[in-house]
Amino acid sequence: MNQKVTSKKGAPIRNIPSEVLSPSDWAYFAFFITLTAFFLTAFIFWTIIPFRQMHDYLSYLQTGRIQKIHQSDSIFFPYTYSQRVIRYEYLRHLEEGAADVRHIPLLDNAIEKMKESVEIEGYSPYQYIRLSRALEKKVEILHDPSFYKQAEAYYQKGITLSPTRQEAIYALGLSLIRQGKPRAKEAISILKGGLDKTIPVSYFYLALAEFNSGTETYSDSLEHLEYFFNQVPVNPDMKVARDLYEKLFRFYYAEKDKPRLIAVGTRLASFGGEGVAVYRQLIDSVNHDIYPPVDFK
């Protein structure tokens, strides 16, 4: 209903609605404002903020300004969907680049950032593997073996999260091998649990653990190494593979174990490089049951 308003002289001035908005209109208006605010906030949080965080992170990283990343709160807060990638890559970069004690504060900062990430969304075993490797890097730099225990705990979390994920099993096995002979025996058990004929490299890692466990498991190590190379002729690590076979050759040469010597020498010769002619000559001698003195140094 409209009211007619007049001037003092009685002339109408204008018509004014008696109700600008009805109660039901106000409810719709409030809902519209709330919905608009929600979508605007979501748009900012899901696009602008994570884009800015990633842009700043990459910009500082590419220009070598790691300290700026370390000091920047805006890159890591608020926790947007881009954070898992940023924190993972930040830790990876520092873990792979750390060389001495000067890098420890930055590495510790990246470790803490990753710990926060796994608390919020720790559903990838790779996050735990990366954390463990960073902690092992601290062992390497600080010569403090206590960090192995922390690393092992995160490796175990990764395995628990994805029991069939081979990478986590291999990573823990290699960590145990690095800790010396007693832990290498534990690594054998863990790596046997991940043994899979469809994944030949699982035999290589098991062989590495068996070799490091002691001479009593050298024969098992050789058997699994040969299985691997018969399936996949490409080395996962040429330096490690050559070193293993050279040490096995020396051991079996001293033992005069003809069958294993021929197998090891033949494989060494197949690797190519320096020493091929020497190993072929030794294999020929062994085939005739001749073991000439050799200075393996």
Side-chain angles (χ1 to χ4, degrees), residues 84-85 88-89 92 95-96 118 121-134 136 148 151-249 251-252 259-273:
R84 185 162 66 92
V85 175
Y88 182 93
E89 289 301 321
R92 182 192 63 79
E95 181 260 319
E96 292 180 353
V118 297
E121 50 172 348
Y123 53 78
S124 169
Y126 292 105
Q127 293 171 283
Y128 295 103
I129 292 172
R130 180 57 60 194
L131 257 176
S132 297
R133 285 177 176 166
E136 287 191 273
Y148 274 130
E152 187 176 341
Y154 282 113
Y155 280 134
Q156 291 287 7
K157 284 185 178 180
I159 294 172
T160 301
L161 191 65
S162 184
T164 59
R165 180 74 71 174
Q166 294 285 351
E167 294 92 328
I169 295 172
Y170 301 157
L172 175 57
L174 291 173
S175 176
L176 294 173
I177 291 169
R178 282 190 285 269
Q179 294 178 53
K181 184 175 178 179
R183 302 308 306 271
K185 293 181 183 298
E186 294 178 50
I188 291 174
S189 177
I190 289 169
L191 291 167
K192 278 184 176 179
L195 209 58
D196 188 337
K197 287 188 175 181
T198 65
I199 308 176
V201 75
S202 64
Y203 285 82
F204 182 87
Y205 290 124
L206 175 59
L208 184 60
E210 289 166 335
F211 178 86
N212 282 277
S213 182
T215 57
E216 66 275 10
T217 49
Y218 273 12
S219 59
D220 293 331
S221 178
L222 177 58
E223 178 185 344
H224 292 133
L225 282 170
E226 284 297 286
Y227 178 84
F228 168 76
F229 283 111
N230 286 332
Q231 304 301 313
V232 184
V234 179
N235 292 314
D237 188 320
M238 175 63 82
K239 185 177 183 300
V240 171
R242 186 184 295 278
D243 184 59
L244 283 175
Y245 271 94
E246 286 177 348
K247 288 176 179 177
L248 285 171
F249 191 88
F251 176 76
Y252 287 123
R260 292 192 175 99
L261 261 178
I262 292 173
V264 174
T266 301
R267 185 66 62 188
L268 273 169
S270 74
F271 290 162

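Computed from a predicted structure; not experimentally measured.
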Step-by-step side chain to side chain contact (heavy atoms under 4.5 Å, CB included) determination, L208 to I177: CA-CA 8 Å; L208 184 60; I177 291 169; 4.1 Å; yes
Quick one: closest heavy-atom pair of [X] and [Y], and the distance?
X	Y	result
N230	R267	OD1-NH2, 3.0 Å
P163	I169	O-CD1, 3.8 Å
I159	A168	CG1-CB, 3.6 Å
A151	E136	CB-CG, 3.9 Å
G158	P125	O-CB, 3.7 Å

Would you check if [X] and [Y] make a side-chain contact, meaning some heavy-atom pair closer than 4.5 Å?
X	Y	answer
L222	Y252	yes
Q127	L131	no
L248	L225	yes

Please evaluate residues F251 and R260 with respect to the criterion side chain to side chain contact (heavy atoms under 4.5 Å, CB included), reporting the C-alpha separation (whole Å), side-chain torsions for both, the decisive distance (0.1 Å), and the verdict. CA-CA 10 Å; F251 176 76; R260 292 192 175 99; over 6 Å; no
Give the C-alpha distance, both sets of side-chain angles, the deciding distance and a yes or no for ring pair (Phe, Tyr, Trp, His ring centres under 6.0 Å) between Y88 and Y126. CA-CA 9 Å; Y88 182 93; Y126 292 105; 7.5 Å; no
Below 3.5 Å, can you tabulate the donor-acceptor pairs from side chains in residues 188-196 to any protein atom, sequence neighbours excluded?
{"unit_1": "D196", "atom_1": "OD1", "unit_2": "T198", "atom_2": "N", "d": "2.8"}
{"unit_1": "D196", "atom_1": "OD1", "unit_2": "T198", "atom_2": "OG1", "d": "2.6"}
{"unit_1": "D196", "atom_1": "OD2", "unit_2": "T198", "atom_2": "OG1", "d": "3.2"}

Return yes if some donor-acceptor pair links the side-chain N/O of T217 with the main-chain N/O of G214 below 3.5 Å, else return no. yes
Give a yes or no on whether the backbone of Q156 and the side-chain of T160 come within a donor-acceptor separation of less than 3.5 Å. yes
To the nearest 0.5 Å, how far apart are [atom1] in [X] and [atom2] in [Y]?
X	Y	atom1	atom2	result
S213	L176	OG	CG	11.5 Å
S132	L172	OG	CG	8.0 Å
Y205	F228	OH	CZ	8.5 Å

Trace of the side chain to side chain donor-acceptor pair (under 3.5 Å) decision for E226 with Y203: CA-CA 9 Å; E226 284 297 286; Y203 285 82; over 6 Å; no
What pairs with Y154 under ring-ring contact (aromatic ring centres under 6.0 Å, His included), at least two apart in sequence or on another chain? none
Using a distance-only test with no angle check, is there a side-chain donor-acceptor pair under 3.5 angstrom linking Y123 and R84? yes
Under 3.5 Å, is there a donor-acceptor pair linking the side chains of S175 and E152? no
Do Y170 and R165 pass the side chain to side chain contact (heavy atoms under 4.5 Å, CB included) test, and can you show the C-alpha distance, the side-chain angles, and the key distance before you say yes or no? CA-CA 9 Å; Y170 301 157; R165 180 74 71 174; over 6 Å; no
Decide ring pair (Phe, Tyr, Trp, His ring centres under 6.0 Å) for F271 and Y245; before the verdict, give the C-alpha distance in whole Å, the side-chain angles of both, and the deciding distance to 0.1 Å. CA-CA 10 Å; F271 290 162; Y245 271 94; 5.7 Å; yes
Would you please name every residue forming a salt bridge (charged side-chain N to carboxylate O under 4.0 Å, His left out) with K247, sequence neighbours left out? D243
Would you please indicate yes or no on a ring centroid separation below 6.0 angstrom for Y128 and Y155? no
I need the single residue from E95, E167, E89 that forms a salt bridge (charged side-chain N to carboxylate O under 4.0 Å, His left out) with R130. Which is it? E95
I'd like to know whether Y148 forms a side chain to side chain contact (heavy atoms under 4.5 Å, CB included) with R178, so could you lay out the CA-CA distance, the side-chain angles of the two residues, the decisive distance to 0.1 Å, and finally the verdict. CA-CA 10 Å; Y148 274 130; R178 282 190 285 269; 4.0 Å; yes
